[in-house]
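Heads up, the thing below is written out as C-alpha cells.
This one's a predicted model, so the numbers in the text were calculated from it and none came from an experiment.
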Amino acid sequence: MRIIRYFTLLAAFVLMTGAVCAQAPAKAVDKAAKAAGKAADKTATKAADKAADKAGALIDINRATPAELKSIPGIGDAYSAAIVKGRPYANKTQLKSKGVVPDGVYEKIKDKIIAKQ
C-alpha cells in the first residue's frame, strides 16, 4: 500500500513538473515573440512615418490651417494669414501673381506646397 502511494505521488510529481517545465519554455518563447513583434512594429512605424513624410510633404495651400502653413520654412504669421485670406488658389503660382508672397519666399516654398481644387 505504501509502495502504491509512493509511486502515485512520484507519478503526480513527475507529471506536474513536466507540465511546469513545458510551460516555462513556452512563456519564454511568447515573451521573445512579443519583444520581436514590438521591435518589428517600431521599425514598421518608422518606415511608415518616413514614407508619409515623403508622400505627404506637400501642404495644400487651399486647405491648410495657419499653423500648418507656418510649419513651412519662410512662412510666418503674416504670410500664413495672407495665404488664408487669398484663397482659393487655382495653382500655387498664384501666390506670386496675386502678390501674397514675394518671389524669394515663393522660390523657397514652391517645392513644399500644392494647390488642390
Side-chain angles (χ1 to χ4, degrees):
M1 184 90 150
R2 283 186 170 175
I3 294 177
I4 294 174
R5 233 187 284 164
Y6 172 75
F7 282 116
T8 304
L9 288 174
L10 181 63
F13 178 74
V14 168
L15 288 174
M16 289 184 351
T17 306
V20 170
C21 291
Q23 288 178 357
K27 287 181 182 179
V29 169
D30 287 344
K31 285 182 181 179
K34 285 180 184 178
K38 286 180 182 178
D41 287 344
K42 287 181 182 178
T43 304
T45 302
K46 287 181 182 178
D49 288 344
K50 286 181 182 178
D53 286 344
K54 287 181 182 177
L58 297 178
I59 295 177
D60 183 6
I61 58 175
N62 284 326
R63 293 185 180 89
T65 64
E68 290 171 329
L69 291 169
K70 285 189 276 186
S71 71
I72 303 169
I75 301 294
D77 292 329
Y79 287 141
S80 67
I83 291 170
V84 171
K85 187 177 178 181
R87 289 178 179 166
Y89 300 99
N91 56 53
K92 63 184 178 181
T93 58
Q94 284 189 329
L95 288 178
K96 221 170 45 170
S97 65
K98 288 183 173 183
V100 178
V101 296
D103 292 342
V105 173
Y106 177 77
E107 290 301 318
K108 289 180 186 177
I109 67 169
K110 69 180 180 181
D111 296 330
K112 297 173 179 59
I113 60 172
I114 191 168
K116 293 181 183 176
Q117 298 299 315

Exercise. Where do Y106 and V100 land on the side-chain contact (heavy atoms from CB on, under 4.5 Å) test, with the steps shown first?
Worked result: CA-CA 9 Å; Y106 177 77; V100 178; over 6 Å; no
Problem set entry | Working for side-chain contact (heavy atoms from CB on, under 4.5 Å), residues E107 and K96 | CA-CA 9 Å; E107 290 301 318; K96 221 170 45 170; 4.1 Å; yes
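- Atom NZ of K98 has more than 12 neighbouring heavy atoms from other residues, nucleotides or ligands inside a 6.0 Å radius.
- Of all heavy-atom pairs spanning I113 and I72, the tightest one is CG2-CD1, 3.6 Å.
- Heavy-atom minimum distance, V105 versus G74: CG1-O, 3.9 Å.
- You'll find the side chain of R87 reaches within 4.5 Å of the side chain of N62, heavy atoms only.
- By the 4.5 Å heavy-atom criterion applied to side chains, I114 and K92 are not counted as neighbours.
- Side-chain contact between L95 and Y89: present, with at least one pair of heavy atoms (C-beta onward) separated by less than 4.5 Å.
- When all heavy atoms of A115 and D60 are compared, the pair lying nearest together is CA-OD1, 3.7 Å.
- Among I61, L69, T65, the single residue meeting the side-chain contact (heavy atoms from CB on, under 4.5 Å) criterion with S80 is L69.
- I59 approaches A64 most closely through the heavy-atom pair CG2-CB, 3.5 Å.
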